[in-house]
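Here is the structure we will look at, set down as structure tokens.
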Number of protein chains: 4
Amino acid sequence: MKRTKPERLEPRKTPRQRRARATVDDLLEAAAQVFDALGYAAGTTNRIAERAGVSIGTLYQYFPSKEALAVALLERHLEDGMRRLNAWVGRAVAESRSLRGTLELFVAGMIALHDERPRLQHILLEETPLPARVHDALLAAERAAAEQVAELLRRYPEVRHPRLAEAAVMAVQTVEHLTHRFAAHPGQGLPRDAFAAELVRMLEAYLTRAEP
Amino acid sequence: MKRTKPERLEPRKTPRQRRARATVDDLLEAAAQVFDALGYAAGTTNRIAERAGVSIGTLYQYFPSKEALAVALLERHLEDGMRRLNAWVGRAVAESRSLRGTLELFVAGMIALHDERPRLQHILLEETPLPARVHDALLAAERAAAEQVAELLRRYPEVRHPRLAEAAVMAVQTVEHLTHRFAAHPGQGLPRDAFAAELVRMLEAYLTRAEP
Amino acid sequence: MKRTKPERLEPRKTPRQRRARATVDDLLEAAAQVFDALGYAAGTTNRIAERAGVSIGTLYQYFPSKEALAVALLERHLEDGMRRLNAWVGRAVAESRSLRGTLELFVAGMIALHDERPRLQHILLEETPLPARVHDALLAAERAAAEQVAELLRRYPEVRHPRLAEAAVMAVQTVEHLTHRFAAHPGQGLPRDAFAAELVRMLEAYLTRAEP
Amino acid sequence: MKRTKPERLEPRKTPRQRRARATVDDLLEAAAQVFDALGYAAGTTNRIAERAGVSIGTLYQYFPSKEALAVALLERHLEDGMRRLNAWVGRAVAESRSLRGTLELFVAGMIALHDERPRLQHILLEETPLPARVHDALLAAERAAAEQVAELLRRYPEVRHPRLAEAAVMAVQTVEHLTHRFAAHPGQGLPRDAFAAELVRMLEAYLTRAEP
DNA sequence: TATGAATGAGTCTTCATTCAT
DNA sequence: CATGAATGAAGACTCATTCAT
């Protein structure tokens, strides 16, 4: 096969740009580590820069403030959650599983999501004074998730809850918070499998209940 | 007339002690107000002392550190929660209500608990770097609550969940977190009555389900 | 004579208050020295605190910002200038000197005013980013001075300038700026006595001129 | 055809040099704009480079420091002033105006000089920590100007001030400072025409006065 | 020569805590 | 016991300048 010199529709990342990308990633990873280890307040920008192996000046070349680092980290997390949700919905539709199977997948996914650096997530979500914009984005994402879940549940005749929209909101919040809490206190409470099973069971019971 | 030296079963509050009590209370109330309004990090000890109407030196006479104030505040909250739980359990036993009625009482009580100064509670619980000891006390209280709840549920034959201990843990955590979240984001999500009703419904469905 | 215990209508300065006064003075003097030696930008608050023999924290207990120090210094200067002006006007009226004698007194006073730490004055007036409020006060003071001068000049029949208000403004600004400049560049230009004499001559000629 | 190597009396501007010239000009103009808008301290070299459309590296290729930019700008201003002075003297000699007409021309020219970017001039003159060398140049220029003025005044028999050298120094400084001040505070003080007229009147009265 | 990412010393400022009175 | 002036470590952030490419 002949390798033609490729035409570049969009300019290839030059080394300089690649470097910048790498620096941003280093900084973000460093911030994640530092916040995770020390909390938001005690995680100083100087420490983050040092951990990233760059000078404090460089940190501020890429992020205009300490807060910006936290926001970037949180946005990554949000995107990750949305991706997982979409993947789950898609798979549930494609594979036409039972309701229980679908819920199991959901719970497993959310546990996995909260499993990575749970302390960091907690810090970003609770300990960090976020700009209103980000806070709103968070709530909006949760609302969007609830809507997607409602849509999906509509496909299951076993789901007999009379107000699907409300039920979906409750379900999403329940999973989000219990799952978060589970990850935040490892070893406390039920063991992992039991916790997942109980959570699924609770959702299933709730959703399939008919009476008011 | 002979003045008999009174027997004191418990040492009578001398004016001095009474004064100290009052100062402690003023400080705690001031701390509650300041943390609630500004958050933990921005709530400075000087502001708290000022608000309490005492000097900063006096504050440190009664509380060895800023953290100690937060801990004391949190302990108050914890005690309040336990009191409510006990009251609820007692009443449920005494009045022999239906399971649903009992759950309604529980949920209503927890909503009420989280309703007062929800921001402060959030700050104390999430934003404050607490010593491990306090954290453990929190978890222990939750465990104790779960045990009490399990005990209570045992009285209801409709509760068919095969592992009551586990179910109680799940129930307590679900109520605690959803209720906390509900208070923390007023106006977001479901309206109050709907939320309470759905939460009760979820618990009831979960607990009365029979199969594994 | 019997010394009666004096009634204190206003509470006597307690040692504590006296101490605070002294600290403020130390700080102001230190700021004057540091700004004078290094300029506004290079005169750091830490250096000022160090020079004053107090900690940086103490500095900020008395002055909320670096700017506040500069403003306080400038206000002192302004007050000093007003005091001199009033003294001069009063003396001129009381002693009923000749116009020339009065002008000589004025010029001498203004030279003396600008003679102390001329660099500091220059720094405060020109190099310091002052809040608008202070800037306005400066201009207002100059206007007030011009009005007082106009009032005074009205008493001298030799003053034949047809528009006294305008003449007074010109006179005040001329004296202010030339005098400031003279102090700022010691040794440059005319010797002191010659400068004072020429300035008086210029004012006298200007004010006594009749034609348009 | 034989290409004769051209004699270059002065090295021809090569494109490269022309480019360099243009870059220097761009940088100076950018510096002028930035200092004028933000002041010396807040006018960062990065902003200047950006405004000039070149990289910060290029800026430092042409100017070794931020200060060097300010100095270059000030030197331009100085040259401009000298040019104006020479033009004025030449014209006064050639047109043989009256003393008053000559003074009017002088004052008008100085007002015009200070009229362009008065804030910038103020910043360069007062806010910028200049090297001694530049400061001396400034004073020297003023001395030279005074000498030229003295020379010119010698031609007017109405000028009866007994020490022309001194009178010229006073006159130059008066015009320089009042004019500067006038431009720096537009709207404050007298209206433009009145100011110019009064200044001329003051100079004329001063210079034509006879007695000591 | 031009570039611009990287540097890091240095600023102002805050605030929990102490201790002499 | 109460007071509150004093402390000073520490933090977020800026910006003139350098140098590898």
Side-chain angles (χ1 to χ4, degrees), chain A residues 14-17 19-20 22-24 41-50 52-69, chain B residues 16-17 19-20 23 41-50 53-69, chain C residues 14-24 41-50 52-69, chain D residues 16-17 19-20 23 41-50 53-69:
Chain A
T14 71
R16 203 178 284 263
Q17 280 174 313
R19 191 64 232 286
T23 303
V24 166
T44 75
T45 51
N46 278 293
R47 239 190 286 257
I48 292 170
E50 188 186 26
V54 302
S55 75
I56 182 63
T58 296
L59 183 154
Y60 278 91
Q61 200 119 58
Y62 291 100
F63 295 91
S65 67
K66 182 179 175 179
E67 187 190 270
L69 276 164
Chain B
R16 198 179 289 265
Q17 281 174 314
R19 187 65 234 285
T23 303
T44 71
T45 50
N46 275 290
R47 238 192 286 255
I48 292 170
E50 186 189 28
V54 302
S55 75
I56 181 63
T58 299
L59 183 154
Y60 277 90
Q61 208 100 54
Y62 291 99
F63 295 92
S65 69
K66 182 179 175 178
E67 189 189 87
L69 277 164
Chain C
T14 70
R16 203 180 284 266
Q17 280 173 312
R18 186 128 17 95
R19 190 64 232 286
R21 253 302 182 99
T23 303
V24 164
T44 75
T45 50
N46 278 292
R47 239 189 287 255
I48 291 169
E50 190 187 23
V54 304
S55 74
I56 181 65
T58 297
L59 184 156
Y60 278 92
Q61 200 116 58
Y62 290 100
F63 295 91
S65 67
K66 182 180 174 178
E67 188 190 88
L69 276 165
Chain D
R16 199 178 289 265
Q17 280 173 314
R19 190 64 234 289
T23 303
T44 71
T45 49
N46 276 289
R47 241 191 282 254
I48 292 169
E50 188 188 29
V54 303
S55 75
I56 180 64
T58 298
L59 184 155
Y60 277 89
Q61 208 102 52
Y62 290 99
F63 294 92
S65 69
K66 183 179 174 178
E67 189 190 85
L69 276 165

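This structure is a prediction, so every number in the text was calculated from the model and none was measured. Letters go in sequence order (proteins before strands), and every chain restarts at 1.
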Taking for each residue the nucleotide of DNA chain E with the nearest heavy atom, is it B:T44 or D:L59 whose nucleotide lies nearer the 5' end?
-> D:L59
Distance check: side-chain N/O of A:R47 vs OP1/OP2 of F:dG11, anything under 4.0 Å?
-> yes
Would you say a side-chain N or O of B:T45 is under 4.0 Å from OP1 or OP2 of E:dT17?
-> no
Spacing between D:I48 atom CD1 and F:dT17 atom P, to the nearest angstrom | 11 Å
Looking only at side-chain atoms of C:I56, point me to the closest of E:dA6, F:dA9, E:dA16.
-> F:dA9
Give a yes/no on whether any side-chain N or O of D:Y60 is located under 4.0 angstrom from OP1 or OP2 of E:dT3.
-> no
Do any side-chain nitrogens or oxygens of C:S55 fall under 4.0 Å of OP1 or OP2 in F:dG8?
-> no
Atom pair distance, as rounded to whole Å: CZ in A:F63 and P in F:dG11 = 20 Å
Evaluate whether atom CD of C:E67 has more than 12 neighbouring non-hydrogen atoms of other residues, nucleotides or ligands under 6.0 angstrom away.
-> yes
Closest-nucleotide ordering on DNA chain F, the 5'-leading residue of A:N46 and C:N46 = C:N46
Is any side-chain nitrogen or oxygen of C:Y62 closer than 4.0 Å to OP1 or OP2 of F:dA6?
-> yes
Between E:dT17 atom C1' and B:E67 atom CD, what is the distance in whole Å?
-> 14 Å
Whole angstrom value for the distance that separates C1' of E:dG8 from CD of A:E50 = 13 Å
Interatomic distance, CD@A:E50 vs CD1@A:I48, rounded to 0.5 Å, equals 11.0 Å
Which heavy atom of D:T23 sits nearest a heavy atom of D:V54, and at what distance?
-> CG2-CG1, 4.2 Å
Rounded to whole Å, CG of B:L69 lies from P of E:dC15 at a distance of 16 Å
Within the structure, does a side-chain N or O atom of A:Q61 lie under 4.0 Å from either OP1 or OP2 of E:dA6?
-> no
Please determine if a side-chain N or O atom of C:T58 lies less than 4.0 Å away from the OP1 or OP2 oxygen of F:dT7.
-> yes
In the strands shown, is F:dA9 matched to any nucleotide by a Watson-Crick or G-U wobble pair with both distances under 3.5 Å, and which?
-> E:dT14
For E:dT21, the Watson-Crick or wobble counterpart (both distances under 3.5 Å) | F:dA2
Starting at CG of D:L59, measure out to NZ of D:K66 and round the result to the nearest 0.5 Å.
-> 11.0 Å
Report the residue (A:P64 or B:G53) whose heavy-atom-nearest nucleotide on DNA chain F is the more 5′ of the two.
-> B:G53
When the nearest nucleotide of DNA chain E is assigned to B:A42 and to C:G43 on a heavy-atom basis, which residue is associated with the more 5' position?
-> C:G43
